[in-house]
Amino acid sequence: MSPIFHSLYVAIFATGIGFLIALPFAYWDVYYPYRGRRIVEILFLLPLVLPPTIVGFYLLQLFGKYGVLGQLLERVNYSLIFTLQGATLATIVVILPLIFQGLKGAFASIPQNLIEVAQTLSANKRETLFRVILPNCWPSVIASILLAFCRGLGEFGASLMVAGYIEGKTDTIATAIYFAVQQGDTQQAFLLSAVNVAIGVVLLLIIQLLNHRKGAFL
């Protein structure tokens, strides 16, 4: 079914891209404080306290036909509005706070003496991250990624504002359920809801196992 495929597409790409964006900032925030990091942190966390529709509205202003970035994309005959890529962009913005905070918590759990030993052995920042920090906090990192994926799978407001609802093109589980209810198709709504719930339960069980494994490490 296209809504399930589209939701998986959006959630997978949004989570992957969001992780790559948040990773260096979370690392620098915990271990290498820099000027302006509080402003950067506020920008990362702001979508967490805003209604998704506001996030979608501002993205429309930026990437819409008359938006600054939208006009730049129009020069190469490309638009994010009413596309799955637009839904992915909206979902990235919405889930970034979860990934950022999750990574910060994971990195902060690493004993400082491990970092100092790595630096004593002449490890640079990249080597410290990939050879010391991530191998020692991977359960928390994976749990953060899965939690963000769950949130991305159910994203509704921001993605609807940017991508709309075009059956077979931009319909996701969340938007398809909403419009199925509006049209009185409760069977379709129940089916899609059951799929989303099943995926959520499985991923939450994995997160619980990862948290248990993390506790065993401590």
Side-chain angles (χ1 to χ4, degrees), residues 1-22 46-99 144-207:
M1 299 175 66
S2 63
I4 298 173
F5 172 78
H6 292 160
S7 287
L8 291 173
Y9 172 94
V10 168
I12 289 171
F13 279 96
T15 304
I17 296 171
F19 173 76
L20 294 177
I21 294 172
L46 189 58
L48 195 63
V49 299
L50 294 177
T53 49
I54 291 181
V55 174
F57 172 74
Y58 280 117
L59 289 175
L60 273 178
Q61 299 308 304
L62 282 173
F63 291 95
K65 184 177 181 180
Y66 301 106
V68 175
L69 298 179
Q71 290 181 352
L72 289 175
L73 291 175
E74 201 171 68
R75 293 181 181 179
V76 293
N77 296 318
Y78 184 76
S79 175
L80 285 171
I81 307 304
F82 300 122
T83 67
L84 275 183
Q85 290 74 31
T88 302
L89 173 64
T91 303
I92 290 171
V93 176
V94 170
I95 69 175
L96 263 179
L98 293 176
I99 302 177
S144 299
I145 291 173
L146 291 179
L147 190 60
F149 177 86
C150 289
R151 176 65 183 85
L153 195 68
E155 167 51 29
F156 175 74
S159 60
L160 182 62
M161 292 283 288
V162 176
Y165 176 79
I166 303 175
E167 192 170 350
K169 183 180 178 183
T170 64
D171 50 344
T172 62
I173 291 176
T175 57
I177 290 173
Y178 176 80
F179 284 99
V181 172
Q182 292 294 309
Q183 297 165 8
D185 189 354
T186 54
Q187 184 176 357
Q188 174 79 343
F190 272 121
L191 175 61
L192 292 173
S193 298
V195 170
N196 205 339
V197 169
I199 295 174
V201 168
V202 170
L203 293 181
L204 287 173
L205 284 174
I206 295 173
I207 290 172

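The model shown is predicted, which means the values in this text are computed figures rather than measured ones.
In this structure, Phe13 places its CZ atom where only 12 or fewer heavy-atom neighbours from other residues, nucleotides or ligands lie under 6.0 Å away. Counted within 6.0 Å of OH on Tyr58, heavy atoms from surrounding residues, nucleotides or ligands total 12 or fewer; the atom is thus considered open.
Across all non-hydrogen atoms, the minimal contact from Ala163 to Ala87 is CB-CB, 3.7 Å. Here the closest non-hydrogen pair linking Val10 and Leu84 is CG2-CD2, 3.9 Å. Across all non-hydrogen atoms, the minimal contact from Ala11 to Phe149 is CB-CE1, 3.4 Å. Nearest heavy-atom pair across Pro3 and Leu192 is CB-CD2, 4.3 Å.
Looking only at distances, a side-chain donor or acceptor of Ser159 sits under 3.5 Å from a matching main-chain atom of Phe156.
Note that the CG atom of Leu62 and the CG atom of Leu72 stand 11.0 Å from one another [nearest 0.5 Å]. The distance from the CG atom of Leu80 to the CG atom of Leu73 is 5.5 Å, given to the nearest 0.5 Å. To the nearest 0.5 Å, the span separating CD1 on Ile12 from CD1 on Ile17 amounts to 11.5 Å. Interatomic distance, Met161 CE to Leu60 CG, rounded to the nearest 0.5 Å: 5.5 Å. In this structure, OH in Tyr165 is found 8.5 Å from OG1 in Thr170, a value given to the nearest 0.5 Å. Considering CG of Leu153 and CG of Leu8, their distance stands at 6.0 Å, rounded to 0.5 Å.
Contact annotation: the side chain of Ile54 approaches that of Pro51 to within less than 4.5 Å [non-hydrogen atoms, C-beta and beyond]. Using a 4.5 Å cut-off on side-chain heavy atoms (C-beta onward), Leu203 and Ile206 make contact. Between Ile99 and Ser144 the shortest side-chain heavy-atom distance does not fall below 4.5 Å. At least one side-chain heavy atom of Leu160 sits less than 4.5 Å from a side-chain heavy atom of Phe179. The shortest side-chain heavy-atom distance between Phe63 and Val162 does not fall under the 4.5 Å cut-off.
Of the candidates Ile92, Val93, Val94, Pro47 forms a side chain to side chain contact (heavy atoms under 4.5 Å, CB included) with just one, namely Val93.
Pairs passing the salt bridge (Lys or Arg N to Asp or Glu O under 4.0 Å) check and including a residue from residues 155-174, sequence neighbours excluded, read Arg151-Glu155. Pairs of residues two or more places apart, or lying in two chains, that qualify as side chain to side chain donor-acceptor pair (under 3.5 Å) and include a residue from residues 175-201 are Thr172-Thr175. Pairs engaging residues 64-93 under the side chain to side chain donor-acceptor pair (under 3.5 Å) rule: Tyr9-Gln85 [sequence neighbours left out].
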